[in-house]
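First the proteins, then the strands, lettered A, B, ... as listed; each starts at 1.
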Amino acid sequence: MSSTPMQEQYQPADIERAAQSFWAAKGSFRAVEDPARQKFYCLSMFPYPSGKLHMGHVRNYTIGDVLTRHHRMKGLNVLQPMGWDAFGLPAENAAMANKVPPAKWTRDNIAYMKRQLQGLGFALDWERELATCDASYYKWNQWLFTRLFRKGLAYKKTGVVNWDPVDQTVLANEQVIEGRGWRTGAVVEKREIPMYFFRITAYAEELLSALDGLPGWPEQVKLMQKNWIGRSEGVKIGFPYELAGEKRTLWVFTTRADTLMGATFCAVAAEHPIATHAAKTNPELAAFVEECKHGAVMEAELAQIEKKGMPTGIFVTHPLTGAKLEVWVGNYVLMGYGEGAVMGVPAHDERDYAFAHKYGLAIPCVIRHPAGDGVPLPWNPAYAEHGTCMNSGKYDGLDFQQAVDAIAADLQAKGLGEKQVQWRLRDWGISRQRYWGCPIPIIHCPACGDVPVPDAELPVVLPDNLVPDGTGNPLAKLPSFYECKCPSCGRPARRETDTMDTFVDSSWYFARFASAGSTDAMVDERARYWMAVDQYIGGIEHAILHLLYSRFFQRAMRDEGLIPDIAEPFTNLLTQGMVLAESYHLDNREGRREWVHPSEVDVERDARGRITAARRRSDGAEVTYGGIGTMSKSKNNGVDPQALIEKYGADTARFFIIFASPPTHTLEWSDEGVEGSYRFLRRLWAYALKYSGRRPQSGQADRAARHEVHSILKQANYDMQRHQFNTVASACMKILNALDRLPDPANPAAAEGFSILLRLLSPITPHVCHHLWTALGFGPDIMQAPWPEPDPAALEQDEIEYVVQVNGKTRGIVRVPKSADRKAIEVSAVQSMQKYVAGQAVRKVIVVPGRLVNLVL
RNA sequence: GCCGGAAUGGCGGAAUUGGUAGACGCAGCGGACUCAAAAUCCGCCGCCCCUAAAGCGUGUGGGUUCGAGUCCCACUUCCGGCACCA
């Protein structure tokens with residue numbers, strides 16, 4: 001072994017620059033398709049280029065990098081690419097604030113953030129970089145859109161949006177604050193406008209059933225998707241009525257057809273034709289309908305508003321009894337869900353129960369439920385449980401399934417109902433009345449209607465020099481963009497000015513990385529090698545929408561003949577927790593809350609280390625602890641990764657973020673913790689220095705040390721495989737502690753142990769491990785070294801420790817020879833516990849092999 | 001409101017299937033080195049208690065078990081999502 005002289009001090013800046021140059025010169029991270037090798041496609045969710053990296057990014061990409069480097073050393077052919085989710089609202093907001101076009105702002109941000117990612121030493125193949133605002137990328141959004149449009153999988157219908165009447169513009173949900181526009185303060189209205197939708201519901205059944213074929217996804221995420229798709233079996237029921245002399249039917253869907261005999265009213269959405277009709281002659285109702293149309297579009301808000309209703313004076317006929325039921329308008333009925341109407345069964349539905357009590361409607365009990373035969377106040381959840389029918393005429397005595405079957409059959413015979421499967425999942429509205437996004441490739445022709453832009457004219461390029469002003473989409477004010485000729489008839493036509501939801505961009509970028517730069521196809525044959533993504537990593541906040549849309553897109557692409565044998569884009573999914581930080585504030589003279597950055601706060605502690613007071617360093621003002629929460633500008637508690645990297649180096653930042661918490665947990669930031677990680681890397685350096693000065697020695701390796709190192713390694717490999725990287729980091733610390741304790745640093749166990757340590761640690765802190773590996777003469781490139789595996793011989797032990805319990809309480813330990821049988825273990829356990837046994841009979845002895853003995857007295 | 005999670009010392013966390021609760025680290029306390037400080041090294045560190053023994057202890061209240069942080073039931077608080085933030 002040869003070794004080169006080492007510097008006394010650990011100087012991360014030099015080491016990291018040198019390691020990064022080494023990797024760049026060697027092209028270490030370039031991914032090349034090789035059918036002879038097993039591939040591993042590792043992908044972290046690409047970032048929105050908001051300006052600079054935040055801790056969530058650093059965490060996400062460090063987790064991905066640990067996995068990437070580990071699999072590389074395991075011998076797999078690894079692809080880890082990076083790109084930019086570059087379209088979106090923040091660029092428009094920045095443009096308004098700074099009068100800079102979103103394109104320029106975005107490109108500048110990308111350039112800065114790319115340098116940051118490179119400085120962190122991530123093993124990324126930059127040759128595959130993409131930005132969704134590149135016309136070469138979004139061209140294929142448009143291309144696929146036109147294909148789906150021709151198949152009817154993309155179609156136009158109306159959708160509800162938030163409308164700011166002052167700025168005359170559509171607002172995103174986050175731009176509506178307490179029902180008012182964020183810039184104007186005007187009360188927001190609901191407005192129905194034409195939009196394009198993707199028919200994701202056509203894939204509902206497959207998206208649901210295929211979840212069972214995803215063992216590599218967290219159960220939690222699969223359950224959320226399952227509930228979101230929301231398959232329910234029920235019955236579609238028709239209530240006939242007459243309106244303006246015309247015979248019509250009000251259709252409702254219910255999963256509780258067994259309660260139909262208890263229906264006492266129907267409720268419709270404010271937008272329902274019955275409501276509109278009745279409002280014409282009823283000013284009070286018209287006012288109520290108008291009220292319902294204001295306010296929340298968001299389901300979360302809708303679900304919490306007080307349930308209100310008003311009768312329409314229009315009656316429908318009960319399909320089985322012929323009774324007249326009045327139709328109400330309810331503010332809780334959604335037009336976009338089902339038929340926009342529900343039947344009201346007050347006795348067996350909590351919402352209907354409250355509604356009926358409020359408006360004095362009858363509440364007949366028709367199900368014998370676990371709490372009895374009546375439904376006295378207050379509401380009891382048992383009222384909604386399944387039971388046998390009562391007060392239901394010919395259906396009395398039937399159980400849930402029998403009643404549903406019988407009622408569905410009777411309805412079907414009358415042509416007033418049938419069994420139906422309903423989905424909670426709605427089609428995906430992709431139109432956005434915004435500038436900074438991918439133009440929807442449609443031309444509106446007065447003669448031919450909506451005509452998709454022909455392939456030869458794609459992409460429809462977004463002009464990149466506009467600055468939005470908050471009063472609607474600037475594209476709609478730009479004749480040079482929207483004036484065009486109909487591709488079909490050649491007459492003057494108008495180009496669509498809406499752009500696509502940015503979720504469209506991010507629904508297939510993973511496939512594009514696998515075909516980077518392809519000019520004549522959305523994806524090419526290289527995608528067949530790399531897809532699907534073997535390991536996808538990203539925030540739990542994307543558990544439903546992004547992941548579901550991507551699963552839909554992969555199928556839509558499959559059915560276009562692209563990557564035909566792959567339906568699921570992500571084989572394994574790791575959902576990381578958020579990064580949180582402490583916050584502190586003081587209330588100033590005007591009573592306004594002033595947030596003080598945690599780094600500006602000095603904390604006083606008692607003898608035990610408990611916090612007793614906190615003061616601002618600059619002036620000693622007492623500040624209040626504001627609890628732990630997401631890092632945000634408004635709370636002034638963001639930690640800038642760049643400052644951290646400059647102070648301690650990338651390896652310390654990476655180590656701390658891995659060590660502080662398991663990847664799936666939320667991570668609470670602490671500056672003190674960073675110091676501890678830096679200390680560990682300095683200790684590692686100091687040990688390497690000591691080690692490099694050793695005299696080469698042969699002879700017997702220290703058996704105890706080998707046993708310890710290999711036991712730790714065994715556990716660490718298990719933890720690595722289950723993605724619990726924080727304990728892998730702990731394992732590295734433990735190995736260093738063990739090596740440091742060796743009485744003779746020149747013992748052969750030290751060389752072996754240190755070589756294991758460097759390789760185990762290298763995915764987490766690649767720069768320092770790369771440096772030490774070559775400096776100490778272990779080899780030319782640690783990334784080419786094999787992943788360490790424990791030696792079974794080193795794991796063997798002559799004696800085994802047993803925990804001894806008496807009546808389930810731990811009282812001591814006995815050591816027995818490895819060869820001891822059950823009887824011998826029992827005897828030594830009883831002997832060691834004479835003090836507790838003291839002549840009493842031992843009634844039972846439980847022996848857990850290799851672990852524990854419990855004496856039951 | 002609905003759906004999905006989480007809760008363990010002063011703090012982050014560990015405990016593979018029910019089997020020594022608190023690994024590893026941070027903070028704190030005591031000591032060594034130093035003119036001093038930083039850095040480094042050594043020791044202590046769940047609560048109760050003068051100490052030891054005993055006892056108590058994994059958000060709360062019940063239960064199952066020889067044995068529960070881990071399983072079951074009921075609850076509390078916090079976090080994520082709810083379809084136009086990404």
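For Gln724(A), a side-chain nitrogen or oxygen approaches OP1 or OP2 of A15(B) to under 4.0 Å. At G12(B), none of the side-chain N or O atoms of Asn726(A) fall inside 4.0 Å of OP1 or OP2 (strictly under the cut-off). Note on Arg722(A): every side-chain N or O is 4.0 Å or more away from OP1 and OP2 of U16(B). Taking 4.0 angstrom as the limit, Lys222(A) places none of its side-chain polar atoms (N or O) nearer than this to OP1 or OP2 of G5(B). Within the structure, a side-chain polar atom (N or O) of Arg683(A) is placed less than 4.0 Å from OP1 or OP2 of C41(B). Within the 4.0 Å cut-off from OP1 or OP2 of A54(B), at least one side-chain nitrogen or oxygen of Tyr836(A) is found. Put simply, Ser730(A) has no side-chain N or O that comes within less than 4.0 Å of OP1 or OP2 on A23(B).
When both pairing distances are held under 3.5 Å, C66(B) makes a Watson-Crick or G-U pair with G19(B). The partner of G28(B) is C44(B), by the rule that a Watson-Crick or G-U pair needs both atom distances under 3.5 Å. When Watson-Crick and G-U wobble pairs are counted only if both distances are under 3.5 Å, G57(B) pairs with no nucleotide at all. Across all strands shown, A38(B) has no partner, as no Watson-Crick or G-U wobble contact with both distances under 3.5 Å is found. Summarising the base pairing, C82(B) is matched to G1(B) through a Watson-Crick or G-U wobble pair whose two defining distances lie under 3.5 Å. Across all strands shown, A7(B) forms a Watson-Crick or G-U wobble pair, both distances under 3.5 Å, with U76(B).
The base of C84(B) sits with one of its N or O atoms less than 3.5 Å from a complementary donor or acceptor on the side chain of Gln433(A).
Rounded to whole Å, atom P of C84(B) lies 13 Å from atom CD1 of Ile544(A). Distance Asn807(A) CG to U65(B) C1': 13 Å, rounded to the nearest Å. In this structure, the CE atom of Met298(A) is 8 Å from the P atom of C85(B), given to the nearest Å. Here G1(B) presents its P atom at 6 Å from CD of Gln304(A), a figure rounded to the nearest Å. As a whole-Å value, the separation of Leu211(A) CG from G4(B) C1' is 14 Å.
The residue Asn854(A) sits close to a base: some heavy atom pair falls under 4.0 Å. Residue contacts for Pro47(A): at a heavy-atom cut-off of 4.0 Å it reaches no nucleic acid atom on any strand shown. Counting non-hydrogen atoms under 4.0 angstrom, His542(A) reaches a base of the nucleic acid. Residue contacts for Tyr718(A): at a heavy-atom cut-off of 4.0 Å it reaches a base atom on one of the strands shown. Residue Trp428(A) is classed as having no contact, given no heavy-atom separation below 4.0 Å to the nucleic acid.
Between Arg183(A) and Gly470(A), the shortest heavy-atom contact is NH2-CA, 3.8 Å.
The side chain of Asn737(A) approaches C24(B) more closely than any other nucleotide in the set C3(B), C24(B), A83(B). Of the candidate nucleotides G19(B), C82(B), G81(B), G81(B) has the atom nearest to the side chain of Glu541(A). In this structure, the nucleotide among U40(B), G19(B), C84(B) sitting nearest to the side chain of Ile846(A) is G19(B).
Rounded to whole Å, the C1' atom of C85(B) lies 34 Å from the corresponding atom of C75(B). Taking atom C1' on both C11(B) and G63(B), the two are 33 Å apart, rounded to the nearest angstrom. The same atom, P, is picked in A38(B) and in C29(B); the two are 12 Å apart, to the nearest Å. Straight-line distance between the P atoms of U8(B) and G4(B): roughly 23 Å, to the nearest whole Å. Comparing G10(B) with G46(B), their C1' atoms sit 11 Å apart, to the nearest whole Å. With P as the reference atom, A36(B) and G31(B) are 14 Å apart, rounded to whole Å. Annotation: C44(B) and G9(B) have their P atoms spaced 23 Å apart (nearest Å).
Taking the six-membered ring where the residue is Trp, the centroids of Tyr549(A) and Trp428(A) are separated by under 6.0 Å. Ring centroids of Phe656(A) and Tyr648(A) are separated by 6.0 Å or more, keeping the two rings apart.
Figure legend: cation-pi geometry between Lys308(A) and Tyr332(A) absent, as NZ or CZ is not positioned both under 6.0 Å from the six-membered ring centre and within 45° of its axis.
Checked options Asp498(A), Asn473(A), Thr499(A); the residue passing with Arg432(A) is Thr499(A) (criterion: side-chain contact (heavy atoms from CB on, under 4.5 Å)).
A salt bridge is defined here as a Lys NZ or Arg NE, NH1 or NH2 lying under 4.0 Å from an Asp or Glu carboxylate O, and Glu306(A) with Lys358(A) meets this definition.
Between atom CG of residue Leu89(A) and atom CH2 of residue Trp436(A) there is a gap of 13.0 Å, rounded to the nearest 0.5 Å.
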